[in-house]
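Residue indices begin at 1 and follow the sequence shown.
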Amino acid sequence: MTLTHHYACRTDWTGAGVTGTLDYRSYERSYVTRAPGRPDLHGSADPAFRGDDTRWNPELLLVAALSQCHLLWYLHLCAVNKVTVLGYHDEAQATMNETPDGGGHFTGVELRPVVTVASAGMVERASELHGDAAAKCFIAASVNFPVTHTPRVDVAGE
């Protein structure tokens, strides 16, 4: 049986100012995205496209979603496989190429998770489970560019 999930949010542009899009420099690229019961997400364009570098941009949000999805699947798989994870962080990296017509596309994302497990006997299985998490991540399965992972597994206290 296939389960279908639905997601909805609202994004409001907040950067119209007085003149709106009178010209390329006349407006801010700021917006607020909202979903019921969640904090507002304040975003903008990438600074390379006249955005505010103190706000999240769509490109960063995509990389963050891939990193978060991998984390959540990985933790689930570790829990059901008796691998005790005590710490996890990821330094995800992405590459996007602009095309001559002003568009562009991502060419790849590399997840670089560093995991700390409870004992040395868990290291091998903890490493293997990254492949399973990558295969199950809904977000990674939905993009048309490679999402790779270069994990490192450490043992607590060593």
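Annotation: salt bridge (Lys or Arg N to Asp or Glu O under 4.0 Å) contacts involving residues 74-87, sequence neighbours excluded, are absent. Screening residues 17-27 for salt bridge (Lys or Arg N to Asp or Glu O under 4.0 Å), with sequence neighbours left out, gives no hits.
Here the side chains of Asp40 and His42 are in contact, with some heavy-atom distance below 4.5 Å. Residues Arg50 and Tyr24 have side chains in contact (heavy-atom distance under 4.5 Å, counting atoms from C-beta outward). Looking at Thr150 and Glu110, their side chains come closer than 4.5 Å, going by heavy atoms from C-beta outward. Taking the side chain as every heavy atom from C-beta outward, Asp90 and Leu71 never approach each other to under 4.5 Å. Using a 4.5 Å cut-off on side-chain heavy atoms (C-beta onward), Leu41 and Trp56 make contact. When side chains are defined from C-beta on, Val123 counts as touching Val117, because their heavy atoms get closer than 4.5 Å. At least one side-chain heavy atom of Met122 sits less than 4.5 Å from a side-chain heavy atom of Thr84. Trp13 places a side-chain heavy atom less than 4.5 Å from the side chain of Thr21.
Ring geometry for Phe138 against Trp73 counts as perpendicular: the plane angle is over 60°, on a 0 to 90° scale with 30° as the lower cut. The aromatic rings of His70 and Tyr74 lie parallel to each other, their planes meeting at an angle below 30°, with 60° marking the opposite boundary.
Taking a cutoff of 4.0 Å between a charged side-chain nitrogen and a carboxylate oxygen, Arg34 and Asp12 qualify as a salt bridge.
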Subject >> Steps toward ring pair (Phe, Tyr, Trp, His ring centres under 6.0 Å) verdict (Phe145, His105) >> reply: CA-CA 9 Å; Phe145 52 84; His105 59 273; 9.2 Å; no
Original post:
Should Asp154 and Val114 be marked as a side chain to side chain contact (heavy atoms under 4.5 Å, CB included) after you check the CA-CA gap, both sets of side-chain angles, and the distance that decides it?
Top reply: CA-CA 7 Å; Asp154 297 332; Val114 177; 3.7 Å; yes
**OP:** Please step through side chain to side chain contact (heavy atoms under 4.5 Å, CB included) for the pair Phe106 and Thr95, ending with a clear verdict.
**Re:** CA-CA 6 Å; Phe106 277 81; Thr95 302; over 6 Å; no
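Here Asp46 contributes atom CG and Arg29 contributes atom CZ; the two are 12.0 Å apart, rounded to the nearest 0.5 Å. The CZ atom of Phe49 lies 11.5 Å from the OG atom of Ser44; values are rounded to the nearest 0.5 Å. Distance CE/Met96 to CD/Glu59: 5.0 Å, rounded to 0.5 Å. Taking CD of Glu128 as the reference point, atom CG of Leu77 lies at 12.0 Å (rounded to 0.5 Å). Summarising the geometry, atom CG belonging to Leu129 is positioned 10.5 Å from atom CG belonging to Leu75; distances are rounded to the nearest 0.5 Å. Once rounded to the nearest 0.5 Å, the distance linking CG of Leu66 with CG of Leu61 reads 11.0 Å.
Linking ILVMFWY side-chain heavy atoms closer than 4.5 Å, directly or via other members, places Leu111 and Tyr88 in two distinct hydrophobic clusters. The same ILVMFWY cluster, assembled from side-chain heavy atoms under 4.5 Å apart, contains both Leu60 and Tyr31.
A donor and an acceptor atom, one from each side chain of Thr14 and Ser30, are located under 3.5 Å apart.
Contact between Ala156 and Leu86 at its shortest, heavy atoms only, is CB-CD1, 3.7 Å. Residues Val153 and Ser127 share a closest heavy-atom pair of CG2-OG, 3.4 Å. Contact record, Thr33 with Cys9: CG2-SG, 3.8 Å, taken as the closest heavy-atom pair. In terms of heavy-atom proximity, Pro113 sits nearest to His130 at CG-CE1, 3.4 Å. When all heavy atoms of Gly20 and Ser26 are compared, the closest pair comes out as O-OG, 2.7 Å. Here the closest heavy-atom approach between residue Val63 and residue Ala94 is recorded as CG2-CB, 3.4 Å.
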